[in-house]
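Each remark here refers to the structure printed beneath this line.
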Amino acid sequence: MNASPGGTGAGGLPRKVHAGYALGSLATGAFGTVPGLLLLPYLTDTLGVAAGMAALLVLLPKAWDVLVNPVAGRISDRTRSRWGARRPYLLVGGLALAVLFGSIFAAPFGAGPAAGAYVAIAFLATATAFAFFQVPYVAMPAELTDDYAERTRMMTWRIAVLALAILVAGAVAPLVRDAAGGGVPGHRWMGVFVAALIAVGAVGAFLGTRPAPQGSVGESEPSLRAQLSVAGRNRPFRALLLCFVVQSAGVATILAGVQYFADQILRDPTTGPTLLFLCFVGPALVVMPLWSRVGARLGKLAALVAASLILSAGGLALVAAPVLPAVVVYLLVAALGVGYAGQQVFALAMLPDCIAYDTARTGRRQAGVFTGLWTAGETFGLALGPGIFGLVLALTGYVSSTTGTAAVQSDTARLGVLLGFTVLPALLIGLATLLLRPYDLTPTLLSTLHPSHAPTTPDVPGTPDAPRVSVVDHGVVVRANAIESHGKGTTTP
């Protein structure tokens, strides 16, 4: 990160705002990780729910968010308060999310069908609270800064914290569960631990973004159908969203399979899940600056494709895990982590560009509309992952248990675990890059919308004068000279 002596980033936002905004990823990372990691095995190996039914119980509450997230975006677009349009939801929605998350693993009915139904209802309420936190949170960057490269810097901060949140939540949560004795009591304490992590992230984001300009929030569309119509006319957003939904399903399938992969393939149910998460998330903390440089050189689109292919290739290589030494398996998982870091940061950095593009075309800023649809799609993809993995388990004959320990499985069930963790998500993530073919949004394209404005300002140190997008009176003022693209359809951001 480049910053002035006064603590202001190169794009104008203070570093404390970057850091404060990024803290919200403690909440999104914890909720995005732990249910996908532990909820399916909690249902099958602690509550005794059959794998197929468990898959539905995990999928349906999250699928509900496809409807709730756009509503949350529309409501936050219309909110007017002394804290701005988005910040009240960071506090209220985030604290509600923390309390409701703890309730998922409270298990007031013990094991059996009633326990499964309770989990589904609690998960539904938690997913609703998450929508009212996440949608305003994701909408904020498009309003905190109008600078093309500054949004990438904000996403770099955010994804770094997100990686840390995934590391802490994904690696430590199983340790808390096991330290508390496993089974129902262990999951209760784990729920309290993750709830506290979510609360810290929500309060930190609310307080950390207080010094930032709130930006202008335009009038939102009155219905879901109208919002879908707006998004449908934005070709770059449509392509990016479809790709990200499919890739989110692939990533969530990997997360859902971690415990099963550690149990059935690595034969290490105690330390295996934690080591897998350390290898998956740890590299992201190291390679994030490298991905930032790659994006500056190749452009966000090309960097996203490259990261996705690394993630996909690592998954395909892991199919050989049963005959590989454990150290090689963990190294391959680390390669997945490198690709995952880039895939996340560039997809999220491209979203505000799509919003700016729509503002330039229409003269209306509707960040809540786009982020509502985005988070709805992402949430649906994250829900599909455990559902897909649970379906694979059901089809291959996985046997559930009420003991808190996985039952002995057949060779067919173990093969299902292996393929569900490796080949299936690799294909989803890799093939999804084909959906990006219509995406052509670059600084050069933005510059053609309003080419007659003031001179350029360098956005990325060491690069030519890069385009900047500034929002004035709900319109976009593009200050740019055309720059050469690095390959077809890409430019230096």
Are Phe237 and Trp374 packed together at the side-chain level, in the sense that at least one heavy-atom pair is separated by less than 4.5 angstrom? yes
Please list, chain by chain and in numerical order, all residues satisfying side-chain contact (heavy atoms from CB on, under 4.5 Å) with Val161, sequence neighbours excluded. Ala22, Ser25, Leu26
Just jot down the side-chain contact (heavy atoms from CB on, under 4.5 Å) partners of Leu278, sequence neighbours excluded, or say none. Leu167, Thr274, Leu275
Under 3.5 Å, side-chain donor or acceptor atoms of residues 239-256 against the rest of the protein: list the pairs with distances, not counting sequence neighbours.
| from | atom 1 | to | atom 2 | distance (Å) |
| --- | --- | --- | --- | --- |
| Gln247 | OE1 | Gln343 | NE2 | 3.0 |
| Gln247 | NE2 | Ser308 | OG | 2.9 |
| Gln247 | NE2 | Ile429 | O | 3.2 |
| Ser248 | OG | Phe244 | O | 2.8 |
| Thr253 | OG1 | Ala249 | O | 2.7 |

Phe132 versus Val92: any side-chain heavy-atom pair under 4.5 Å? no
Rounding to 0.5 Å, atoms CG (Asp358) and CG (Asp353) come to a distance of 12.5 Å
Under a 4.5 Å cut-off applied to non-hydrogen side-chain atoms, are Thr28 and Phe130 in contact? yes
Got a sec, which residues hit side-chain contact (heavy atoms from CB on, under 4.5 Å) with Arg293, two or more places apart in sequence or on another chain? Pro289
Walk me through whether Leu97 and Ile198 qualify under side chain to side chain contact (heavy atoms under 4.5 Å, CB included). CA-CA 7 Å; Leu97 172 64; Ile198 291 172; 3.7 Å; yes
Non-neighbouring partners of Thr33 that pass side-chain contact (heavy atoms from CB on, under 4.5 Å), sequence neighbours left out: Ile166, Phe277
Distance check, rounded to the nearest 0.5 Å: Ile355 atom CD1 versus Met350 atom CE? 13.0 Å
Side chains of Ile104 and Leu100 in contact at under 4.5 Å (non-hydrogen atoms): no
Between Tyr137 and Tyr21 (side chain of the first, backbone of the second, donor and acceptor by atom type, cut-off under 3.5 Å), is there such a pair? yes
Which pair of heavy atoms, one from Ala169 and one from Ala30, lies closest together, and at what distance? CB-CA, 3.9 Å
Could you list the residues that satisfy ring-ring contact (aromatic ring centres under 6.0 Å, His included) with Phe389, not counting sequence neighbours? Tyr260
Value for CG (Leu311) from CG (Leu428), rounded to nearest 0.5 Å, stands at 11.0 Å
Tell me, please, which residues at least two apart from Phe280 pass ring-ring contact (aromatic ring centres under 6.0 Å, His included). Tyr340
What heavy-atom pair brings Ser312 and Ala426 nearest, and what distance separates the two atoms? OG-O, 2.7 Å
Side chain to side chain donor-acceptor pair (under 3.5 Å) pairs touching residues 235-246, sequence neighbours excluded, are Arg235-Asp440
Just grab all the side chain to side chain donor-acceptor pair (under 3.5 Å) pairs involving residues 424-433, residues at least two apart or on different chains. none
Side chain proximity check, Leu332 to Leu324, heavy atoms < 4.5 angstrom: yes
Taking the side chain as C-beta and beyond, is there a heavy-atom pair between Pro88 and Phe206 under 4.5 Å? no
Considering residues at least two apart in sequence or located in another chain, which fulfil the side chain to side chain donor-acceptor pair (under 3.5 Å) criterion with Glu378? Gln134
How far apart are the closest heavy atoms of Ala54 and Leu40, and which atoms are they? CB-CD1, 3.7 Å
Separation between CG (Leu57) and CG (Leu39), nearest 0.5 Å, reads 8.5 Å
On a heavy-atom basis, which atom in Ala55 and which in Leu391 lie closest, and how many Å separate them? CB-N, 4.1 Å
Between Ala303 and Trp291, which heavy-atom pair has the shortest distance, and what is it? O-CZ3, 4.0 Å
Find out whether Val34 and Phe101 are in side-chain contact, i.e. whether some heavy atom of one side chain is under 4.5 Å from a heavy atom of the other. yes
Heavy-atom side-chain contact between Leu336 and Leu318 under 4.5 Å: yes
Nearest heavy-atom pair of Pro352 and Ala349: which atoms, and what distance? CD-O, 3.4 Å
Taking only residues two or more places apart in sequence, or in another chain, which ones meet Phe261 in a ring-ring contact (aromatic ring centres under 6.0 Å, His included)? Phe421
Chi angles and distances behind the side chain to side chain contact (heavy atoms under 4.5 Å, CB included) call for Leu424, Val392: CA-CA 10 Å; Leu424 184 56; Val392 172; 4.1 Å; yes
